[in-house]
Structure formats: structure tokens, C-alpha cells
Amino acid sequence: MFFIYSEVMFLGPQIKVEEFFNLFLSDNAVNFVKSFHRRCGDKEFKCSSWCPHDKFGHVRDVSFQHPIKIYFGAKFDSCQEAQKFRIYRNSHLVIETSQGISDVPYGDYFRVEVQARPELP
């Protein structure tokens, strides 16, 4: 089962793809991403630098411990996330993420995969 959303976030005034990437995804934006995870209650955040990929633009790995809100078992779960991005003609940005968890029962039975295509000028 999958869901399609048309608008997740509105940033107000339009910004260019390069600005969006620099603010939210670049290696220089890691502190922003780390802050976001901290506000979600995550800990032990790690993020590799972007590196070129043969088949899909650039890739990086992100890992963190996410709190589990169940009454038994572990209090945090290990999350591993692979992130990819590619910029096509006319500044068309495509971001893909694939996230898996490992420490909860049946957590290895599924992955959360997201493809985002921000509509930017």
C-alpha cells in the first residue's frame, strides 16, 4: 500500500532548486537535519557526505536511534536510511529515501520508501 501526497510543505516565497538543496539537503545543511531529528526525539544521529553514484546522481547514508512508544522491548530502534538525489534538466530535483528499522518485532519485514519531486522554479 502506498499513499500519494500533493503538497507536504509550503515554503512561502518561491526559491530556486539550488537554494532549496543548500538549505535542506547539502553537506552544509547537516546541522539543520540533525536539529530536525533531535526535535523528533532521535539520538545518535550520523550522516555521511554526499558521494557520486553510478546510476543515480549522488547518495549518502543516515542512521539514528528513534524512540519507540510501546510498553515492552527496546526504548529506541536503529534506523538506517539511504538518501539519493539527482537534478535533471530545467532544475528538476528528485529525492529518494529508503528507510529500514531493525530492533522491533517484524521491523525487517518492510522498508519505507519515499520519492519527492519538489516543484520549484
Side-chain angles (χ1 to χ4, degrees):
M1 176 184 287
F2 64 93
F3 302 95
I4 297 174
Y5 297 93
S6 59
E7 184 175 309
V8 177
M9 176 189 326
F10 178 71
L11 296 174
Q14 296 288 317
I15 62 173
K16 295 184 182 206
V17 168
E18 294 82 8
E19 292 175 277
F20 177 85
F21 181 83
N22 287 332
L23 288 171
F24 301 109
L25 297 171
S26 72
D27 288 337
N28 293 331
V30 168
N31 286 334
F32 167 79
V33 178
K34 187 175 186 175
S35 173
F36 170 80
H37 280 277
R38 192 175 337 109
R39 288 182 180 175
C40 292
D42 299 340
K43 62 182 187 176
E44 297 183 31
F45 174 82
K46 295 177 187 162
C47 183
S48 67
S49 295
W50 289 108
C51 61
H53 187 269
D54 294 338
K55 297 181 178 162
F56 196 95
H58 290 77
V59 297
R60 73 176 174 188
D61 293 314
V62 175
S63 65
F64 52 91
Q65 295 281 316
H66 186 73
I68 301 173
K69 296 176 176 107
I70 56 176
Y71 297 110
F72 59 91
K75 298 294 179 202
F76 284 85
D77 192 8
S78 299
C79 295
Q80 302 290 325
E81 184 173 281
Q83 298 181 341
K84 304 174 188 175
F85 85 87
R86 177 176 277 172
I87 298 177
Y88 294 92
R89 278 186 288 191
N90 300 329
S91 295
H92 182 78
L93 176 65
V94 176
I95 307 158
E96 291 185 0
T97 63
S98 177
Q99 185 182 86
I101 56 175
S102 58
D103 297 333
V104 295
Y106 302 105
D108 58 345
Y109 278 61
F110 65 92
R111 296 189 66 76
V112 176
E113 297 191 0
V114 175
Q115 185 181 76
R117 297 171 180 252
E119 292 183 17
L120 305 167

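Within the structure, every pair that satisfies the side-chain hydrogen bond (donor to acceptor under 3.5 Å, both in side chains) test and touches residues 29-45, not counting sequence neighbours, is listed here: H37-D42, D42-H66.
With a 4.5 Å cut-off on side-chain heavy atoms, V94 and Y88 count as touching. Considering only heavy atoms from C-beta on, I95 comes within 4.5 Å of F20 through its side chain. By the 4.5 Å heavy-atom criterion applied to side chains, H92 and R117 are counted as neighbours.
For the pair F24 and A29, the tightest heavy-atom approach, listed with the atom from each and the gap, is C-CB, 3.8 Å. In plain terms, the two heavy atoms of S98 and E113 that are nearest each other are OG-OE2, 3.5 Å. The two residues P67 and G41 come nearest to each other via the heavy atoms CD-O, 3.4 Å.
Grouping the Ile, Leu, Val, Met, Phe, Trp and Tyr side chains by contacts below 4.5 angstrom, directly or via other members, places V33 with L23. F64 and F32 end up in the same hydrophobic cluster when Ile, Leu, Val, Met, Phe, Trp and Tyr side chains are linked at under 4.5 Å.
For the side-chain contact (heavy atoms from CB on, under 4.5 Å) test, residues two or more places apart in sequence or in another chain that qualify with I87 are V17, F85, L93.
Side-chain contact check for S63 and E81: no donor-acceptor pair (N or O, by modelled atom type) lies under 3.5 Å.
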Determine whether S78 and Q65 satisfy the following criterion, side chain to side chain donor-acceptor pair (under 3.5 Å), listing intermediate values before the conclusion. CA-CA 5 Å; S78 299; Q65 295 281 316; 2.8 Å; yes
Please list, one pair per line, the donor and acceptor atoms closer than 3.5 Å that link side chains of residues 51-62 to other protein atoms, with sequence neighbours excluded.
unit_1, atom_1, unit_2, atom_2, d
H53, ND1, K55, N, 3.0
H53, ND1, F56, N, 3.0
R60, NE, Q83, OE1, 2.6
R60, NH1, L25, O, 3.2
R60, NH2, L25, O, 3.3
R60, NH2, Q83, OE1, 3.1

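Using cut-offs of 30° and 60° on the angle between ring planes, the pair W50 and F21 is tilted.
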